[in-house]
Amino acid sequence: DAMVIQNPRYQVTQFGKPVTLSCSQTLNHNVMYWYQQKSSQAPKLLFHYYDKDFNNEADTPDNFQSRRPNTSFCFLDIRSPGLGDAAMYLCATSRGGTSSYEQYFGPGTRLTVT
Amino acid sequence: QKEVEQDPGPLSVPEGAIVSLNCTYSNSAFQYFMWYRQYSRKGPELLMYTYSSGNKEDGRFTAQVDKSSKYISLFIRDSQPSDSATYLCAMSNSFYGGSQGNLIFGKGTKLSVKP
């Protein structure tokens with residue numbers, strides 16, 4: 001089945017220790033998104049790639065970076081995680097354009113910062 | 001005032017009940033209205049999509065948009081225990097230019113349907 005895969009499902013890191021979260025897709029979609037979802041909060045868009053074009057949300061902290069080496073993969077790098085970065089990180093994809101409302105989400109990576 | 005407001009619940013109903021879930025919003029530029037369903041420990045999945053005002057029906061689910069009141073609803077008829085999940089509304093004003101589908105989500109309403 002075509003899908004969005006996130007690894008790992010659970011990640012524990014230490015305060016200040018860099019961490020990378022991974023997302024891959026078999027849908028061949030143009031757009032890949034990273035969302036942060038804290039407990040009982042709405043998912044918040046951090047950034048997205050349309051093909052190789054990177055779009056950063058204005059309020060996304062500099063501590064968060066992303067890479068998309070090819071169509072299938074996208075990475076979220078947190079350079080110096082703080083306690084406030086503990087959250088569920090959701091990767092999503094879409095075809096883009098008028099189909100952007102239909103986003104396919106992965107199961108998420110739950111990040112714990114100790 | 002937040003752009004999208006949604007009562008987090010939890011909402012508990014007996015099997016077979018009609019469920020009404022709602023969101024209000026403040027940005028009159030929103031034109032695209034979505035409902036996503038999120039099961040525990042899973043990512044959200046698109047349930048319904050409506051453009052501008054009006055109603056849309058899909059099986060047991062009906063989505064309504066009232067742009068004049070800035071109010072959207074999702075109705076679930078003959079609710080089933082398998083409908084137990086968190087329901088998130090999401091909205092956007094445009095999918096062109098730099099936005100490329102920037103969805104603004106509500107916090108989600110947690111629904112539990114009891115057998």
Side-chain angles (χ1 to χ4, degrees), chain A residues 1-10 21 23 25 27 29-60 87-110, chain B residues 2-11 23-27 30-52 56 58 63 65 72 85-111:
Chain A
D1 283 342
M3 57 177 57
V4 181
I5 301 162
Q6 290 190 245
N7 286 305
R9 294 291 309 278
Y10 302 91
L21 309 183
C23 177
Q25 55 135 340
L27 299 161
H29 282 172
N30 295 318
V31 191
M32 295 187 78
Y33 310 82
W34 279 105
Y35 288 87
Q36 180 192 63
Q37 187 178 26
K38 295 188 176 181
S39 181
S40 301
Q41 298 291 315
K44 179 180 177 299
L45 183 65
L46 296 173
F47 25 58
H48 72 271
Y49 274 95
Y50 192 104
D51 292 329
K52 294 185 178 181
D53 292 333
F54 178 71
N55 295 271
N56 196 33
E57 293 302 294
D59 56 356
T60 298
M88 176 75 83
Y89 289 88
L90 295 164
C91 174
T93 72
S94 80
R95 293 180 185 86
T98 54
S99 297
S100 292
Y101 67 89
E102 187 170 9
Q103 297 188 12
Y104 293 77
F105 284 82
T109 294
R110 183 166 294 283
Chain B
K2 292 188 186 301
E3 276 196 294
V4 179
E5 300 271 11
Q6 185 176 10
D7 186 339
L11 180 62
C23 287
T24 59
Y25 62 96
S26 58
N27 188 345
F30 285 146
Q31 297 183 70
Y32 301 85
F33 303 92
M34 281 68 67
W35 286 95
Y36 279 79
R37 179 174 60 194
Q38 186 173 21
Y39 290 113
S40 181
R41 289 188 288 276
K42 295 279 183 74
E45 58 176 335
L46 181 66
L47 195 59
M48 299 282 286
Y49 156 68
T50 309
Y51 172 72
S52 194
K56 190 171 187 178
D58 184 1
V65 175
I72 71 169
T86 296
Y87 290 80
L88 300 125
C89 61
M91 308 177 190
S92 182
N93 57 352
S94 172
F95 293 125
Y96 294 97
S99 58
Q100 289 296 330
N102 286 6
L103 302 183
I104 308 299
F105 281 90
K107 289 185 177 182
T109 300
K110 188 170 184 178
L111 171 68

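Any value given below was found using the heavy atoms of this structure, including those in side chains, with hydrogens, waters and symmetry copies removed. Order of the sequence lines fixes the chain letters, A, B, ..., with proteins taken first and strands second; residue numbering starts at 1 for each chain.
Counting heavy-atom pairs under 4.5 Å between each of B/Pro8, B/Gly43, B/Gly108, B/Ala90 and chain A puts B/Gly43 at the top. Between chain B and the options A/Pro107, A/Gly108, A/Gly106, the largest number of non-hydrogen pairs under 4.5 Å is found for A/Pro107.
Both the backbone and the side chain of B/Pro44 come within contact range of chain A, judged by heavy atoms closer than 4.5 Å. Of the atoms belonging to A/Arg9, it is side-chain heavy atoms, and not backbone ones, that fall under 4.5 Å from chain B. Of the two parts of B/Tyr36, only the side chain, counted from C-beta on, holds a non-hydrogen atom closer than 4.5 Å to a non-hydrogen atom of chain A. At a 4.5 Å heavy-atom cutoff, A/Gln6 makes no contact with chain B through either its backbone or its side chain. If you measure heavy-atom distances from A/Phe47 to chain B, you find no contacts under 4.5 Å at all.
Interatomic distance, B/Arg37 CZ to B/Thr86 OG1, rounded to the nearest 0.5 Å: 11.5 Å. Here the straight-line distance linking atom CD of B/Gln38 with atom CD of A/Gln37 works out to 4.5 Å at 0.5 Å rounding.
Residue A/Ala42 comes nearest to B/Gly106 through the heavy atom pair CB-O, 3.1 Å, listed as atom of the first residue, atom of the second, then distance.
Counting only N and O atoms by type, the side chains of B/Glu3 and B/Tyr25 include no donor and acceptor under 3.5 Å apart. Using modelled atom types, one finds no donor on one side chain facing an acceptor on the other under 3.5 Å when comparing B/Ser92 with A/Tyr101.
Distance alone, capped at 3.5 Å, is enough to place a donor-acceptor pair between the B/Gln6 side chain and the B/Tyr87 backbone.
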